[in-house]
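What follows is a short report on a single structure.
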Amino acid sequence: MNRTPALNRNAVAVLVGLEVRQRIRSTRWQATAAILFALISVMVLGSLYLTVTVADVTYADWASNLLDITLAVVLFLGLAAAPTLSATAINGDRRDATLALVQATPISSWDLAVGKLLGSWLSALALIGVALPYLLWGIASSSTSILFGVLAVLVTALIMLAYCAIGLAFSSLTTRPAASAMLTQAMVLLLLLGLPIAFGFTYPLTSRTHQVTVAERDYSVDSSVPGCVLVEKDKRFNHTEYTWWMLAPNPVLLVSDTLAAGIAGSSDDDDFHGASGFFAFLQSAARTGPDLSPQTCESSLTPGPSSDDRAARHIGDSWYIGLILTLGVGAAALIVTARRLRVPAHKLGRGVRVA
């Protein structure tokens, strides 16, 4: 009965409703929403005051970065809140002897897992709802297109969904809610900081020696203007195009690249401004890898933005890869949760109660 992967929509809807109502009853959600709105307002309006009044930057420049600022605040709070909401959803009910009552009903383990996931996700989406006025303000004034501004908000919501699934998996794997909450936050830190650190550790390992043509100035000619000579040299390059994928699931880079995709088609260099443009350029440069093309005397005498243009060619082209990897991690976590909720359980961990 509980092994079929087919979902019962009515059962899932009931479970989502129970999960949301339980969270509303157990928390003062109105006060929490007011505090979150006040916190977001302080950060957003505080940045406006510091930028326009203290730093003497125009309002237009600040407004063009408002969406970056608001999404950064929402993402930071979401990464802290979303997985925490689901990290105690299963072992907490098991501790309170309510999980077995639900498992005794004619629903599948997938119904229960998806219902709890969607319930936790809807609770986390309240954060986006609270920040919606500033998000709409930012989308209207951002340099990115409205389509990609809305898409960046949707990507942020899907990141929260995947992280809720991660918290739910740890809740099903551990007995104590405190342990699952701690493991969930450790996984969040791994995706947020651990993977970029791992990318840095592997950077020396990607070094390779290549023979390239280098243009050098020739001072042997008796002339006031030095000549140019092409020389074959062995130089070492770091092939980050092999390891850049470790940066793709990073939520900051993922959202930044989504925002930058809305302005990636412009030829104006000023369009790649703000934190999102900077982070998207760094990820694009890592994905592009080194430039092994031979130099010419003309290029050495007339340097231009060609190297930056080459490094920026993948701006806006990596966000969907990171999103697929993130949702893949969330899907794997959901599978683990559903398997742990099967009835009969066959084998229970030490200290796990049945009812």
Side-chain angles (χ1 to χ4, degrees), residues 43-44 47 51 57 61-80 131 134-135 138-139 141-145 147-160 162-163 188-203 238 240-241 243-266 268-290 305 307-327 329:
M43 292 184 177
V44 172
S47 67
T51 303
V57 178
D61 290 337
W62 174 84
S64 63
N65 292 280
L66 174 59
L67 186 58
D68 292 28
I69 297 171
T70 308
L71 280 177
V73 175
V74 171
L75 191 61
F76 173 77
L77 296 176
L79 293 181
Y134 294 111
L135 290 172
I139 291 173
S141 59
S142 176
S143 299
T144 190
S145 63
L147 174 62
F148 280 92
V150 175
L151 183 61
V153 178
L154 178 61
V155 167
T156 303
L158 292 177
I159 292 174
M160 290 183 182
Y163 280 48
V188 171
L189 290 177
L190 173 65
L191 295 174
L192 182 63
L193 300 176
L195 289 180
I197 292 175
F199 173 81
F201 283 153
T202 60
Y203 184 79
N238 292 92
T240 54
E241 69 271 22
T243 57
W244 78 273
W245 56 268
M246 288 190 286
L247 301 174
N250 182 279
V252 176
L253 296 177
L254 204 166
V255 176
S256 297
D257 198 61
T258 306
L259 289 172
I263 53 178
S266 175
D268 187 1
D269 290 337
D270 291 337
D271 282 343
F272 299 106
H273 68 285
S276 62
F278 174 73
F279 287 127
F281 177 81
L282 292 181
Q283 180 174 243
S284 176
R287 182 179 177 182
T288 303
S307 59
D308 287 345
D309 289 344
R310 181 181 179 277
R313 68 182 182 180
H314 287 300
I315 288 181
D317 292 340
S318 304
W319 64 269
Y320 53 88
I321 299 176
L323 183 60
I324 291 174
L325 292 175
T326 302
L327 293 179
V329 173

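Between Q283 and T288 there is no side-chain heavy-atom pair separated by less than 4.5 Å. The side-chain heavy atoms of W319 and V155, taken from C-beta on, include a pair separated by under 4.5 Å. When side chains are defined from C-beta on, T51 does not count as touching D61, because their heavy atoms never get closer than 4.5 Å. Residues P251 and L79 are in side-chain contact: their nearest non-hydrogen atoms beyond the backbone lie under 4.5 Å apart. Contact annotation: the side chain of L325 never approaches that of L254 to less than 4.5 Å [non-hydrogen atoms, C-beta and beyond]. Between S145 and I263, every side-chain heavy-atom pair lies at or beyond the 4.5 Å cut-off.
Across all their heavy atoms, D257 and H314 have their closest contact at OD1-O, 4.1 Å. When all heavy atoms of A63 and S141 are compared, the closest pair comes out as O-OG, 2.9 Å. Closest approach of A152 to L259, counting heavy atoms only: CB-CD2, 3.5 Å. Taking every heavy atom of both residues into account, E241 and P290 meet most closely at OE1-CD, 3.3 Å. For the pair L191 and N250, the tightest heavy-atom approach, listed with the atom from each and the gap, is O-ND2, 3.5 Å. Nearest heavy-atom pair across A286 and T240 is O-OG1, 2.7 Å.
Under a cut-off of 6.0 angstrom, the local environment of CH2 in W62 is crowded, with over 12 non-hydrogen atoms contributed by other residues, nucleotides or ligands.
Between S284 and R313, the side chains place no donor N or O within less than 3.5 Å of an acceptor N or O (distance only, hydrogens not considered).
Remark: the backbone N or O of L67 is not paired with any side-chain donor or acceptor of T70 at under 3.5 angstrom. Side-chain N or O atoms of R287 include one that pairs as donor or acceptor with a backbone N or O of D317 at under 3.5 Å.
Once rounded to the nearest 0.5 Å, the distance linking OG of S276 with CG of N65 reads 7.0 Å. Note that the CE atom of M43 and the CZ atom of F76 stand 6.5 Å from one another [nearest 0.5 Å]. Note that CG of L151 is 9.0 Å distant from CG of L158, once rounded to the nearest 0.5 Å. We find the CZ-OG distance between F148 and S142 to be 12.0 Å, quoted to the nearest 0.5 Å. Interatomic distance, T258 OG1 to L323 CG, rounded to the nearest 0.5 Å: 7.5 Å. For the atom pair S143 OG and L66 CG, the distance stands at 11.5 Å (nearest 0.5 Å).
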Under the side chain to side chain contact (heavy atoms under 4.5 Å, CB included) rule, what do V252 and F279 come out as? Steps first, then yes or no, please.
CA-CA 8 Å; V252 176; F279 287 127; 4.1 Å; yes

Quick one, T202 with M246, criterion side chain to side chain contact (heavy atoms under 4.5 Å, CB included). Give me CA distance, side-chain angles, the key distance, then yes/no.
CA-CA 10 Å; T202 60; M246 288 190 286; 3.3 Å; yes

Run V255 and I159 through side chain to side chain contact (heavy atoms under 4.5 Å, CB included) and show every step you take.
CA-CA 9 Å; V255 176; I159 292 174; 3.9 Å; yes

